[in-house]
Structures are given as C-alpha cells and as structure tokens.
Amino acid sequence: MADVTVTLPDGSARTLAEGATVGSLAASIGAGLAKAAIAGKVDGELVDVSAPLADGARVEIITDKSPEALDIIRHSTSHLMAQAVKALFPEAKVTIGPAIETGFYYDFDVDHPFTPEDLEKIEQKMAELAKADIKIEREVLTSADAIRMFREMGEGYKVELIEDLGVETVSLYRQGDFADLCRGPHLPSTGYCRAFKITSIAGAYWRGDEKRKMLQRVYGTAFPDKKQLDEYLARLEEAKRRDHRKLGRELDLFSFSDEVGAGFAIWHPKGALLRTIIEDFERKEHLKRGYDIVMGPQILKTELWQRSGHYDNYRENMYFTEVDEQSFGVKPMNCLSHMMIYKSHLRSYRDLPLRFFELGTVHRHERAGVLHGLLRVRCFTQDDAHILCTPEQLDAEIKGVISFVQDVMGIFGFEFEMELSTRPEKSIGSDEDWERATNALLGALKDTGRPFDVNEGDGAFYGPKIDIKLKDSLDRRWQCATIQCDFTLPERFDLTYVDANGEKKRPVMVHRVILGSIERFIGVLIEHFAGNFPVWLSPVQAIVLTVTDNQTPYAQQVFDQLRAAGVRVQKDFRNEKLGFKIREAQLQKIPYMLVIGDKEVESSTVTPRFRDGSNLPAMTPDGFAEHIRNEVASHT
C-alpha cells in the first residue's frame with residue numbers, strides 16, 4: 001500500500017497510510033484537533049472530514065474557529081430542522097434549505113401553516129436529534145437512481161431539482177432515516193449542532209415564482225456555541241425594539257394602507273417634516289459641491305426607454321401607461337431626463353463637468369413578497385445625480401463622490417464599507433467600454449486606500465458600480481449609496497462635447513446617489529438611532545410642559561417665542577399630572593422638555609430637561625433657541 005503525503009497550511013508535510021481522510025489527518029496531529037475538526041479544505045475546496053486524501057494535496061483542517069465554519073454549521077442545522085419536521089409531520093414535502101447571512105432557512109410544502117406551537121415542537125425535536133449524535137454520511141448516486149429514490153419517497157421537489165441540474169451524478173447526505181440532496185460539506189454528526197434557534201416563519205413561493213405554490217419558510221440561526229447564540233438573540237431582540245415599522249407607528253411618522261396599495265408609504269406630518277429636513281440638507285450639500293438642481297417628468301415615452309436599454313433589460317421592474325394612444329413608461333430612474341437636459345445645448349469641454357442633481361421620485365415594480373416597510377417600497381425618492389465629464393476628468397469625479405459620501409455619512413454617524421460590482425450577464429455596451437469603466441472605478445478605489453470587496457457580475461446593465469454599505473449601531477450592513485460608471489448611454493443618446501481641437505467627443509456619465517432611496521435611508525436611520533434622533537433631525541426639538549394651569553400664560557409666551565425663533569416646538573398644557581406628560585414626551589423621543597413651574601414664571605426662564613432625564617442650567621427662552629441653533633449648525 002502506498003503512503004500519502006500532504007502539505008499543511010504552515011508548509012510542513014505529513015505522511016499517512018493509503019486511504020487517509022481529513023479526519024484521520026486531524027487525528028494524526030492530535031486528539032483535540034480530531035475532536036474539533038468539522039470539515040477540511042483540500043486544494044482550496046471544502047470537503048467533509050470523511051473525504052479521502054490524495055498524494056500531494058494541500059490540506060487545511062476546518063474547526064468551528066475557521067471563517068468557513070459558520071456556513072457549514074448553519075447548513076447542517078437546516079438539514080437537522082428538515083429531519084425534525086419530517087419526523088413530526090411525515091406528510092411535509094422538503095424543498096431547499098440554504099445557509100444565509102443571518103442563519104438558515106428551509107422551505108416546506110405542508111397542508112396547514114405551522115403554528116408557534118409547531119415551531120416549539122420542531123425545535124425540541126431538533127434538540128433530541130442533536131443529542132442523539134447521528135452520523136452524517138455523504139453518498140453519491142447517479143441522477144437516475146436519485147430521481148427514482150426521491151420519487152418513491154414522494155419528494156417531488158427534489159426530483160425537479162435533480163432533473164433541472166442535468167448532471168450524471170448527484171450527492172446526498174443521510175442522517176438516520178433522513179436523506180437530502182446536497183453538495184455539502186456537512187458536519188460529521190448531528191451532535192455538532194450545539195447552539196441553534198428557530199427565529200421566524202414566512203411564506204415563500206417555490207423558486208420565487210408567484211405562479212408556483214406558496215411554501216412555509218422556517219427561519220433559524222445557529223452558532224458554534226451557546227454564548228454566541230445568546231449574544232445574537234439579544235441583538236435580534238434589540239433589532240425588534242428598533243424596527244422602523246414599529247417606531248414609525250409609535251412616533252406617528254408614516255403608515256401603509258391596503259386601501260392605497262402595498263409598497264406605497266403615506267407620510268404623516270412629523271415624518272414628512274423629517275424628510276424635508278433631510279432633503280433640504282441634501283440640496284445645500286449638493287449646491288456647495290457644484291451640482292445644478294434639475295427636475296424631470298414622471299413618465300417618458302416608451303421609445304426613450306427602448307433606446308436606453310431599460311425596456312429590454314429592466315422592463316419587469318417598470319410600470320407603463322398610455323396617453324393619447326402613445327405608450328409611456330413611468331420612470332424607475334432619473335437618468336433619461338438628465339441626458340435630455342445635456343442634449344438641449346451644444347456643450348464644450350469648458351462646460352464640463354456638469355453635475356445634474358434631482359430629488360427624483362421613481363416607481364419600480366417590486367414583488368409583494370419582498371416589500372418591507374420603508375426598506376423595500378414601490379415608490380421612492382432618490383437623491384440622484386448624473387455627472388457628465390470628459391474621460392480625463394473621470395477619476396477626480398469618482399473620488400469626489402466618494403469624498404462626498406464620506407462627509408455625509410460622518411454627519412449622520414455611519415461607518416461604511418465599499419464593494420466593486422462588475423459586468424452582469426445581462427448587459428449592454430462593448431467589452432472595451434466595460435473595461436474602461438471598471439478600471440476607472442477600480443483605480444479610484446485603490447487610490448482611496450480604503451479596503452473594498454469585489455462582487456463579480458452584480459453591476460448595472462449599463463455599467464459597473466461601487467456599492468457603499470452603511471454599518472449601523474447593531475453592526476448590520478445596508479446598501480444605500482452607489483457610484484456607476486457609464487460609457488454606454490452617452491453613446492446610445494449621441495451625447496457629445498466639442499474638445500479643444502474643435503472635434504466632437506463623447507462624455508462619460510457617472511450615475512450616483514449619496515443616501516440612495518430617501519425612504520430606505522430614513523428606515524435605516526430610525527433603526528440606527530432607535531427613533532432618538534439628534535436635535536438637528538428631530539421633527540420636534542422641544543416640548544413646553546406646564547405643572548398647573550397657573551403657568552399657561554407664560555408657557556404660551558415661551559412656545560410662541562421659540563416657534564418664532566425657528567425651533568420645532570410643541571406644547572402640552574393639559575390638566576394632567578406632570579409625570580404623565582413627561583412620560584408621553586419621552587415615548588415620543590422628543591429631545592428637550594421645558595417644564596414651566598412657578599420658579600420659571602417668576603424668573604422668566606426655562607430649565608431644559610433632556611430625554612434621558614438630565615438637565616441643562618436655567619436659561620432664557622432666547623438662550624435656549626440659540627442653544628438649539630448651535631446644535632443644528634454642528635449636526636450634533
């Protein structure tokens with residue numbers, strides 16, 4: 001029998017007997033590693049601990065401390081959940097169960113929706129199966145044999161998946177009496193599923209197709225140990241407390257109505273004021289940076305959308321209407337109007353760059369299943385801009401947008417990460433233009449010195465893009481800002497400028513948003529601050545409260561004086577106990593409460609009380625108005 005020699009990550013070699021596996025390699029290094037090993041990486045490919053080793057392979061042992069471990073643990077736990085469901089509900093049909101960023105899910109076809117009591121039983125059964133430490137074994141079958149097996153089991157969804165794969169062989173994983181179609185790798189046994197929790201349930205169409213059957217999607221999460229699970233569940237509870245939909249109702253900012261239609265937000269007075277504050281801030285910041293404010297119509301002729309490529313590449317996300325027997329597309333983006341503005345004059349190289357900015361309301365058809373409060377709507381406003389520049393100006397313009405994003409996110413208190421998304425399969429434009437655009441974005445990113453990831457194939461259909469992901473107070477990532485480089489639409493719309501030699505040249509167009517969707521950004525902002533907006537953003541900055549009716553005349557005078565000074569102020573002069581009124585103001589998360597008692601009346605002052613219960617020294621109403629102005633000016 002020939003020995004097998006493999007190379008470890010530190011460069012050392014280890015010789016084992018023929019037939020050695022990842023698990024036996026781990027055992028040869030030490031008993032502790034053998035126990036901790038959950039998978040292996042052989043020549044860069046993740047495999048099970050039972051995978052055989054070939055001579056000359058480079059091998060890494062994967063433990064629960066490895067970066068790859070979490071996906072393996074979660075995927076195996078999704079299979080554990082499916083095994084538990086089949087044990088409790090034998091009539092249930094299993095479909096798919098991948099690991100996702102927050103844990104895992106599994107979709108089931110069942111006659112009746114799962115109840116909360118059902119989910120408790122499933123979790124208990126999972127714990128029993130984990131305690132039984134059932135071995136998880138990989139098996140390779142021909143597709144024909146696998147189809148036959150799953151058909152006999154009544155698992156039609158698995159049959160469909162195998163038929164669509166169109167491969168000769170498939171791999172299965174067995175644990176006890178449960179078998180599932182899967183590439184793997186998986187944990188060695190169910191006993192390695194040590195810390196898990198079912199978190200929620202939702203409906204999901206099979207393969208995301210609204211014409212297919214609605215399935216029950218059960219979500220869960222899993223971690224290597226209970227401590228990490230408990231920390232995650234605590235963050236989850238905090239996220240529920242901060243849910244912008246819940247706070248939006250409680251703070252009376254916005255609402256949704258079935259009578260109006262799904263995905264269309266209705267802004268109440270305080271929410272509309274919050275939007276106005278943000279939009280006014282945006283206008284000032286853009287004007288400071290040399291942008292021109294423009295505005296385009298909501299609908300444009302369908303012919304225009306055909307010329308831009310949106311009709312062929314984005315039509316399923318658009319709405320269409322007819323006026324005077326002419327087809328129009330409701331705009332999902334603002335770029336077409338901005339190009340029409342550019343074309344309205346003959347442009348010289350001396351005119352460039354031109355920066356057109358619009359707070360443009362757009363409509364996009366989102367599937368009902370993905371709508372989610374303000375974070376995913378069908379009508380939203382973008383802080384959209386299009387920069388038209390010469391190729392020589394492109395690098396500076398991209399860096400200028402990145403700098404703009406950095407400044408604005410600093411004001412709102414967000415850290416952010418960047419990602420370069422490259423050409424998707426469905427796209428327009430020449431290879432040369434895509435290469436030029438990608439290299440322009442890549443060069444600017446490298447020059448910033450900030451780390452970034454590459455997301456292959458996720459660019460816009462007309463050009464690559466830099467996606468900027470905000471990091472909130474719960475360490476969640478939100479994609480808001482984007483920078484897209486486009487050589488293609490200027491060509492399609494015959495945009496030109498006259499260069500220094502009097503020759504016509506094509507400008508480059510940079511599509512960019514800073515906050516992105518105003519609706520989405522406000523949703524993120526609400527959750528980031530848990531509704532406790534800083535003074536400069538708060539729709540209501542202060543509320544004047546009376547102790548008794550005796551203070552009402554002076555309190556009214558204070559209210560009028562502050563409102564005239566530009567403070568966003570409310571009043572509560574009701575004949576209620578002061579503690580009750582303070583509690584209500586705290587629930588509304590108003591930054592300052594001005595309690596007016598006899599002492600304040602006598603001294604013609606106010607004593608500002610912050611929402612956390614701390615107080616500022618007594619001051620005149622004018623002094624308080626100046627204090628508010630200073631906080632607003634410094635964005636604190």
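Only a predicted model underlies this, so the values are computations on that prediction, with no experimental measurement involved.
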> Who passes side-chain hydrogen bond (donor to acceptor under 3.5 Å, both in side chains) against T552, sequence neighbours left out?
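T552 satisfies side-chain hydrogen bond (donor to acceptor under 3.5 Å, both in side chains) with no residue once adjacent residues are dropped.
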> Any Lys/Arg nitrogen of K227 or D230 sitting under 4.0 Å from an Asp/Glu carboxylate oxygen of the other?
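Looking at K227 and D230, the cut-off is not met.
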> Below 4.0 angstrom, N of the basic side chain to O of the carboxylate: do R450 and E417 qualify?
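A salt bridge is absent here (no side-chain N lies under 4.0 Å from a carboxylate O).
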> Are S634 and E631 linked by a side-chain donor-acceptor pair shorter than 3.5 Å?
no
> Determine whether more than 12 heavy atoms belonging to other residues, nucleotides or ligands lie under 6.0 Å from atom NZ of K226.
no
> F521: which residues meet the ring-ring contact (aromatic ring centres under 6.0 Å, His included) condition with it, sequence neighbours left out?
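F412, F414.
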> Quick one: are the ring centres of Y219 and F104 less than 6.0 Å apart?
no
> Is it true that the side chains of T199 and T221 contain a donor and an acceptor less than 3.5 Å apart?
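Judged by distance alone, the side chains do not pair up.
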> In this structure, are over 12 heavy atoms from other groups packed under 6.0 Å from E101 atom CD?
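At most 12 heavy atoms, drawn from other residues, nucleotides or ligands, come within 6.0 Å of this atom.
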> Keeping to residues at least two apart or across chains, list the salt bridge (Lys or Arg N to Asp or Glu O under 4.0 Å) pairs with something in residues 375-389.
E366-R376
> Kindly indicate, with the supporting measurements, whether the criterion side chain to side chain donor-acceptor pair (under 3.5 Å) is fulfilled by S603 and E600.
CA-CA 5 Å; S603 60; E600 284 75 23; over 6 Å; no
> For the pair R275 and E519, find out whether any cationic side-chain nitrogen is under 4.0 Å from an anionic carboxylate oxygen.
yes
> Using the six-membered ring wherever Trp is involved, compare the ring planes of H635 and F281 and label them parallel, tilted or perpendicular (cut-offs 30° and 60°).
perpendicular
> Go through the structure and list residues passing ring-ring contact (aromatic ring centres under 6.0 Å, His included) with H286, not counting sequence neighbours.
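With sequence neighbours excluded, H286 shows a ring-ring contact (aromatic ring centres under 6.0 Å, His included) to Y291, F357, F404, given in chain and number order.
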> State whether R629 and E626 are salt-bridged, where the test is any N-O pair (Lys NZ or Arg NE/NH1/NH2 against Asp/Glu carboxylate O) under 4.0 Å.
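Looking at R629 and E626, the cut-off is met.
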> Test F264 against F256 for ring-ring contact (aromatic ring centres under 6.0 Å, His included), laying out the working first.
CA-CA 7 Å; F264 297 96; F256 291 88; 9.0 Å; no
> Taking only residues two or more places apart in sequence, or in another chain, which ones meet D395 in a side-chain hydrogen bond (donor to acceptor under 3.5 Å, both in side chains)?
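For D395, the residues satisfying side-chain hydrogen bond (donor to acceptor under 3.5 Å, both in side chains) (neighbours in sequence not counted) are K399.
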> Determine whether more than 12 heavy atoms belonging to other residues, nucleotides or ligands lie under 6.0 Å from atom CZ of R583.
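Atom CZ in R583 is not packed in, count stays at 12 or less.
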> Could you list all the ring pair (Phe, Tyr, Trp, His ring centres under 6.0 Å) pairs where at least one residue sits in residues 604-624, not counting sequence neighbours?
Y592-F610, Y592-F624
> Does D549 have any side-chain hydrogen bond (donor to acceptor under 3.5 Å, both in side chains) partners at least two apart in sequence or in another chain, and if so, which?
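Partners of D549 under the side-chain hydrogen bond (donor to acceptor under 3.5 Å, both in side chains) test: none.
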> Compute whether any side-chain donor of one residue and acceptor of the other, for D225 and Q228, lie under 3.5 angstrom apart.
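Looking only at side-chain atoms, Q228 and D225 do form a donor-acceptor pair, the distance falling under 3.5 Å.
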> Among all residues two or more places apart in sequence or in another chain, which pass the ring-ring contact (aromatic ring centres under 6.0 Å, His included) test with Y319?
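Result, ring-ring contact (aromatic ring centres under 6.0 Å, His included) vs Y319: H365.
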> Say whether D622 and T620, considering side chains only, have a donor N or O and an acceptor N or O under 3.5 Å apart.
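D622 vs T620: no donor-acceptor pair found between side chains.
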> Any chance NZ of K197 has more than 12 other-residue heavy atoms, nucleotides or ligands included, within less than 6.0 Å?
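Open.
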> Considering only residues two or more places apart or on different chains, which pairs with a residue in residues 329-356 satisfy ring pair (Phe, Tyr, Trp, His ring centres under 6.0 Å)?
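Listed once each, the pairs are H338-H386.
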> Give a yes or no on whether a salt bridge exists between E527 and R476, defined as a side-chain N under 4.0 angstrom from a carboxylate O.
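Looking at R476 together with E527, the answer is yes, because their closest N to O distance falls below 4.0 Å.
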> What side-chain donor-acceptor pairs closer than 3.5 Å can you find for residues 529-540, not counting sequence neighbours?
{"from": "S538", "atom 1": "OG", "to": "F533", "atom 2": "O", "distance (Å)": "3.0"}
{"from": "S538", "atom 1": "OG", "to": "P534", "atom 2": "O", "distance (Å)": "3.0"}

> Distance only, no hydrogens: is a donor on one side chain within 3.5 Å (strictly under) of an acceptor on the other, for S473 and R242?
yes
> In plain terms, say whether R235 and E238 are close enough for a salt bridge, that is, a side-chain N and a carboxylate O under 4.0 Å apart.
no
> Sequence neighbours left out, what passes side-chain contact (heavy atoms from CB on, under 4.5 Å) with R574? Give chain and number order.
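Listed in chain order: D572, E576, F580, K581, E584.
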> Ion pair present between K469 and D467, side-chain N to carboxylate O less than 4.0 angstrom?
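So K469 does not pair with D467 through a salt bridge.
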> Would you say that more than 12 heavy atoms from the other residues, nucleotides or ligands in this model lie under 6.0 Å from the CD of Q586, or not?
yes
> Among all residues two or more places apart in sequence or in another chain, which pass the side-chain hydrogen bond (donor to acceptor under 3.5 Å, both in side chains) test with R367?
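Partners of R367 by the side-chain hydrogen bond (donor to acceptor under 3.5 Å, both in side chains) criterion come out as none, since no residue qualifies.
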> Are the charged groups of R347 and D351 less than 4.0 angstrom apart, N to O?
no
